[in-house]
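What follows is a single structure, written as structure tokens, with notes after it.
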Amino acid sequence: MPELPEVETIARGLTARLLGKRLLSFKLNRRDLRNPVPPGLKAKLEGRRVTAITRRAKYILFHFEGGGVLIAHLGMSGRLVLADAGNAPAPHDHAVLGFEGGVELRFNDARRFGLLDYATENDLAAHKLFRHLGPEPLAPEFDGVLLAKLLKGKKTSIKAALLDQRVVAGLGNIYVSESLYGAALSPRRLARTVQGERAIQLAQAIRDVLARAIAAGGSSLRDYVQASGELGYFQHHWSVYGKEGERCPRCDCSIGIKRIVQGGRSTFYCAKRQR
DNA sequence: CTTTCGTCCTGACTGC
DNA sequence: TGCAGTCAGGACGAAA
């Protein structure tokens with residue numbers, strides 16, 4: 001379930017391996033991903049060099065010479081795998097990008113919640129996928145004042161609000177739980193009550209949690225790439241996510257980490273610490 | 001307008 | 001052992 005830190009780590013890892021390389025072949029094995037993959041990618045991308053690999057929200061952007069941008073989203077189960085050309089293809093390799101030097105990038109996604117799309121550099125900001133996205137939480141302009149403004153008047157829970165990509169871009173179920181834990185805010189709290197000092201603390205917690213996860217990803221990236229060619233799935237040390245029943249790492253309460261369901265999604269938190 | 005809910009998909013896991 | 005059932009999650013469109 002790649003969220004912002006995993007996607008950032010993948011983009012950095014791919015940059016190290018693919019920057020400046022020319023795409024020799026683009027092969028699409030199936031078109032019916034989350035959205036239909038647009039036609040004509042092969043003609044638009046083949047023969048071009050990669051000029052940058054960046055991230056926006058949970059999207060990975062492959063920028064090519066001439067202004068074309070291949071957009072990838074990994075959904076739940078998506079992976080980008082670097083392999084030697086000639087290695088046997090794996091099940092669910094939906095797209096295979098062959099680069100000069102004999103390296104292949106394979107888009108593999110069993111559940112097909114992921115997607116591939118295309119835009120030009122000029123159209124990127126106005127693209128359907130990006131038009132309504134909220135601010136990047138690691139951008140300099142993201143702070144408690146901006147977050148308070150985004151949450152003002154919202155009647156949903158703070159959990160649901162942070163999952164909404166129009167409020168903040170790139171957070172998913174895991175890092176929302178972790179951020180709320182960091183800020184000692186209850187996931188049940190109404191979003192509109194997170195103002196002032198609470199918003200400042202939440203914005204800081206979001207940035208801290210994400211920055212730490214990216215740092216952890218970066219430090220494990222080299223070994224992981226060498227081991228398997230698969231990027232971005234590194235060892236995490238989450239405080240509450242998936243820890244139902246375990247002790248809260250920061251207080252002595254006996255109740256432990258609770259799991260509740262909000263909007264059909266699990267939330268993990270310490271009911272004593274988070275108010 | 002805002003908010004909630006159902007839907008897509010399949011591997012991993014649970015329980016009988 | 002085998003099989004049926006449940007769960008997980010991101011994003012979007014429909015419904016309320």
Side-chain angles (χ1 to χ4, degrees), chain A residues 1-11 29-38 55-61 71-81 89-95 106-119 126-137 149-180 187-194 206 210 213 228 230 232-233 236 238 240-245 257-269:
Chain A
M1 57 222 63
E3 301 181 22
L4 188 155
E6 290 78 17
V7 177
E8 178 68 29
T9 300
I10 292 165
N29 294 324
R30 66 185 298 168
R31 182 145 256 139
D32 55 336
L33 305 184
R34 182 178 209 308
N35 299 331
V37 178
R55 177 193 61 76
R56 170 76 169 114
K58 300 171 198 169
Y59 296 90
I60 297 178
L61 307 177
I71 302 163
H73 192 292
L74 300 177
M76 254 291 286
S77 55
R79 312 160 182 215
L80 287 165
V81 179
H92 312 299
D93 278 349
H94 303 317
R106 302 175 178 183
F107 179 89
N108 181 290
D109 185 7
R111 290 179 214 185
R112 304 197 334 264
F113 271 28
L115 64 82
L116 293 175
D117 207 339
Y118 177 85
H127 191 278
K128 183 171 180 275
L129 294 170
F130 303 113
R131 203 174 357 180
H132 301 296
L133 286 177
E136 285 289 330
K149 199 179 297 179
L150 291 161
L151 297 174
K152 190 170 184 185
K154 279 206 155 301
K155 296 179 181 6
T156 54
S157 67
I158 185 64
K159 161 72 191 295
L162 292 181
L163 271 181
D164 187 340
Q165 302 299 296
R166 294 167 298 185
V167 175
V168 184
L171 295 180
N173 210 37
I174 295 172
Y175 290 104
V176 168
S177 276
E178 295 295 313
S179 298
L180 289 170
R188 300 175 187 269
R189 173 182 282 281
L190 289 186
R192 65 183 177 197
T193 69
V194 179
I206 291 169
L210 296 177
S228 74
E230 184 181 331
Y233 293 82
H236 290 279
W238 296 317
V240 290
Y241 186 83
K243 305 264 185 184
E244 183 178 14
I257 304 300
K258 293 217 293 188
R259 183 182 84 95
I260 58 173
V261 176
Q262 296 176 285
R265 298 282 184 269
S266 291
T267 307
F268 298 87
Y269 75 115

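Keep in mind that what you see is a predicted model, and the values were worked out from it rather than measured. Sequence lines set the chain letters: A, B, ... in the order given, protein chains first and strands last, and positions in each chain run from 1.
- Regarding R112(A), its CZ atom lies at a distance of 16 Å from the C1' atom of dA11(C), rounded to whole Å.
- In terms of phosphate contacts, K155(A) brings no side-chain nitrogen or oxygen within less than 4.0 Å of OP1 or OP2 of dT4(B).
- Neither OP1 nor OP2 of dT2(B) sits under 4.0 Å from any side-chain N or O of T156(A).
- Both stacking criteria are satisfied for F113(A) over the base of dG10(C): a centre-to-centre distance under 5.5 angstrom and an angle between ring planes under 30 degrees.
- For the atom pair F268(A) CZ and N173(A) CG, the distance stands at 8.0 Å (nearest 0.5 Å).
- In the set dG11(B), dG13(C), dA11(C), dG13(C) carries the atom at the smallest distance from any side-chain atom of K128(A).
- When each of I10(A), D109(A), N108(A) is tested with L74(A) by the rule side chain to side chain contact (heavy atoms under 4.5 Å, CB included), just one qualifies, namely I10(A).
- Taking atom CG on L74(A) and atom C1' on dA11(C), their separation rounds to 14 Å, with Å as the unit.
- Backbone-only engagement by R259(A) is indicated by non-hydrogen atom pairs under 4.0 Å involving sugar-phosphate atoms exclusively.
- The CG-C1' distance, from D109(A) to dA11(C), rounds to 13 Å in whole Å.
- Rounding to whole angstrom units, CD of residue E244(A) and C1' of dC13(B) are separated by 16 Å.
- A distance-only check finds a donor-acceptor pair linking the side chain of N29(A) to the backbone of D93(A) [under 3.5 Å].
- Side-chain proximity of Y59(A) to the nucleotides dT3(B), dG10(C), dC12(C) is greatest for dC12(C).
- A heavy-atom distance below 4.5 Å is not found between the side chains of H94(A) and L116(A).
- With rounding to whole Å, N173(A) atom CG is found 13 Å from dC7(C) atom C1'.
- The backbone N or O of G170(A) lies less than 3.5 Å from no partner atom in the side chain of E3(A), so there is not a single donor-acceptor pair.
- Contact annotation: K154(A) does not reach the phosphate of dT2(B) (side-chain N/O to OP1 or OP2, under 4.0 Å).
- In this structure a side-chain-to-backbone donor-acceptor pair under 3.5 Å is missing from K58(A) to E6(A).
- Side-chain N/O atoms of H73(A) include one lying less than 4.0 angstrom from OP1 or OP2 on dA11(C).
- Of the candidate nucleotides dT3(B), dA11(C), dA8(C), dA8(C) has the atom nearest to the side chain of S266(A).
- Among the atoms of the strands shown, only primed sugar atoms or phosphate atoms (P, OP1, OP2) are found under 4.0 Å from some heavy atom of L129(A).
- When the P atom of dG11(B) is taken as reference, atom CE of M76(A) falls 12 Å away, rounded to whole Å.
- Rounded to whole Å, atom P of dC12(C) lies 11 Å from atom CG of D117(A).
- What separates CG of L163(A) from P of dC5(B) is a distance of 14 Å, to the nearest Å.
- Checked by distance alone, R265(A) brings a side-chain donor or acceptor within 3.5 Å of a matching partner on the base of dG10(C).
- Taking only side-chain nitrogens and oxygens, H92(A) comes nearer than 4.0 Å to OP1 or OP2 of dG11(B).
- The 5' end of DNA chain B is approached more closely, in terms of each residue's nearest nucleotide, by G263(A) than by the other of A110(A) and G263(A).
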